[in-house]
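Reminder, nothing fancy here: chain letters follow the sequence lines and each chain counts from 1.
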2 protein chains.
Amino acid sequence: MGQGDGCTVREVLDRVGGKWSIGILVAACQGPVRFSELERRVEGISRRMLTLTLRNLERDGLLRRTVHPTVPPRVEYAATPIALELYESLVALTDWAERHHRTIADARAAYDRSRKAAP
Amino acid sequence: MGQGDGCTVREVLDRVGGKWSIGILVAACQGPVRFSELERRVEGISRRMLTLTLRNLERDGLLRRTVHPTVPPRVEYAATPIALELYESLVALTDWAERHHRTIADARAAYDRSRKAAP
DNA sequence: CAGTATCCCGTCAGATACTG
DNA sequence: CAGTATCTGACGGGATACTG
């Protein structure tokens, strides 16, 4: 990594840091998915946010949108090669979270307790 | 990684997804830093956001805050072991960004052009 | 030096309703 | 089915001023 920057990491976060981006990306990385399928698989997402996030991911070249001109319409979103690569890189982060989320939860609890005692 | 979740990755992002978290973390991972040093090294950050982000990172156990009771006061922030581990994992993301940011920029440009032509 | 305290605004995201 | 449009509130974050 550079010296004191963190800028390139920020570039990833600008792409993937949104509330829903990763959920969608993870789903699409298992294979092409339809709009309504995503609506079901990405728990809690609204139609609006699904559309917006899909557009951004498409814009950044992480998803490819394919419209099958049938009736009713059928639209599929597929992960691009670079999205699949990104998915691989996310594993390192996931592992970190899995290794330490207990520790982090404890740290939080301790911090909050010490602040409740002497504010 | 799990099946269709992405939840554990979100856990990382909740910690590190803020605008300034990574800049601070990267600085602190080179060795303990003082408040005013961070203010200079993390370009563009305000006092307010520096304080807030430091508190969150401390709360999550990613930084340890040490007050030296001298006058004038001297406060140092040191990365904890799990922060150093996280820093390692971020390298994978940085590499991804470095490999593809050209591609992404082009994808954006192409997308925006196609939208300007036929809106 | 190392912070707090306010005010303020823009963006993100939820709810709801409408459409090709 | 796969969206778009609009309104709204919450919150992240900037600018500024004050303090132990």
Side-chain angles (χ1 to χ4, degrees), chain A residues 6-7 9-10 12-25 27-28 32-60 63-78 111 114-115 118-119, chain B residues 6-7 10 12-25 27-28 32-60 63-78 111 114-116 118-119:
Chain A
C7 295
V9 189
R10 271 243 58 85
V12 191
L13 291 179
D14 289 345
R15 236 117 254 141
V16 133
K19 190 172 179 184
W20 305 106
S21 309
I22 290 193
I24 293 175
L25 225 39
V33 274
R34 303 181 55 174
F35 188 90
S36 51
E37 203 182 336
L38 283 168
E39 218 172 344
R40 266 172 274 117
R41 300 220 338 222
V42 183
E43 205 113 349
I45 196 169
S46 67
R47 255 186 186 112
R48 183 182 123 84
M49 287 317 295
L50 181 52
T51 306
L52 287 178
T53 312
L54 284 171
R55 291 294 170 272
N56 281 326
L57 292 173
E58 188 196 356
R59 180 162 111 105
D60 289 337
L63 292 182
R64 196 180 42 258
R65 178 170 178 271
T66 315
V67 185
H68 299 87
T70 59
V71 52
R74 175 189 182 83
V75 181
E76 281 192 336
Y77 295 89
Y111 184 94
S114 74
R115 294 277 135 175
Chain B
C7 296
R10 271 241 59 84
V12 191
L13 291 179
D14 290 344
R15 239 115 252 144
V16 136
K19 189 173 180 184
W20 304 106
S21 309
I22 290 192
I24 293 174
L25 225 40
V33 275
R34 303 180 56 174
F35 187 90
S36 51
E37 204 182 334
L38 283 167
E39 217 172 344
R40 265 173 274 119
R41 300 218 343 220
V42 183
E43 206 115 348
I45 196 170
S46 66
R47 253 183 188 116
R48 183 182 122 88
M49 287 316 294
L50 181 52
T51 305
L52 287 178
T53 312
L54 284 172
R55 291 293 169 274
N56 281 326
L57 293 173
E58 189 197 353
R59 181 161 111 105
D60 288 338
L63 293 182
R64 197 180 43 257
R65 180 171 178 269
T66 315
V67 185
H68 300 86
T70 60
V71 52
R74 175 189 182 84
V75 181
E76 282 193 337
Y77 295 89
Y111 184 93
S114 76
R115 293 278 136 173
K116 182 151 295 181

Original post:
chain B on DNA chain C: first and last contacting nucleotide, 5' to 3', under 4.0 Å to a heavy atom?
Top reply: C/dC1 to C/dT6
**OP:** Please examine the side chains of A/His68 and A/Val75, heavy atoms only from C-beta on, and report whether any two atoms are closer than 4.5 Å.
**Re:** no
Original post:
Can you find a pair of side-chain heavy atoms, one from A/Val33 and one from A/Glu76, that are under 4.5 Å apart?
Top reply: no
**OP:** Whole angstrom is fine here: how far is it from CG in B/Leu50 over to P in D/dG14?
**Re:** 12 Å
**OP:** Tell me what B/Thr51 touches on the nucleic acid: a base, only sugar-phosphate, or nothing, going by heavy atoms under 4.0 Å.
**Re:** base
Original post:
Rounded to the nearest 0.5 Å, what separation is found between the CZ atom of A/Arg34 and the CZ atom of A/Arg74?
Top reply: 4.5 Å
Original post:
Which of residues 66-76 of chain A sit near DNA chain D, with a heavy atom under 4.0 Å from it?
Top reply: A/Pro72, A/Pro73, A/Arg74, A/Val75
Subject >> Check: B/Trp20 and B/Leu50 side chains under 4.5 Å, non-hydrogen atoms >> reply: no
Subject >> Closest non-hydrogen atom pair between B/Leu57 and B/Arg15, with its separation >> reply: CD2-O, 4.0 Å
Subject >> Note, B/Leu13 side chain near A/Leu13 side chain (heavy atom, < 4.5 Å) >> reply: yes
Original post:
Taking five pairs at each end, how big is the angle between the two axes of the helix from C/dC1-D/dG20 to C/dG20-D/dC1, to 10°?
Top reply: 50°
Original post:
Of the non-hydrogen atoms in A/Leu25 and A/Val16, which two are nearest, and what is the gap between them?
Top reply: CD2-CG2, 3.7 Å
**OP:** Decide yes or no for B/Leu38 and B/Leu54: does some side-chain heavy atom of the first lie under 4.5 Å from some side-chain heavy atom of the second?
**Re:** yes
Original post:
What string of B, S and - do you get for nucleotides 5-13 of chain D 5' to 3' if you count protein non-hydrogen atoms under 4.0 Å?
Top reply: -B------B
Original post:
Listed by chain and number, what are the salt bridge (Lys or Arg N to Asp or Glu O under 4.0 Å) partners of B/Arg40, not counting sequence neighbours?
Top reply: none
**OP:** Indicate yes or no: at least one non-hydrogen side-chain atom of A/Arg59 is less than 4.5 angstrom from one of A/Arg55.
**Re:** no
**OP:** Identify whether the distance between the nearest side-chain nitrogen and carboxylate oxygen of A/Glu39 and A/Arg47 falls below 4.0 Å.
**Re:** yes
**OP:** Could you check if a side-chain atom of B/Ile45 sits within less than 4.5 angstrom of a side-chain atom of B/Ile24, using non-hydrogen atoms only?
**Re:** yes
Subject >> Residue list, side chain to side chain contact (heavy atoms under 4.5 Å, CB included) with B/Asn56, at least two apart or on another chain >> reply: none
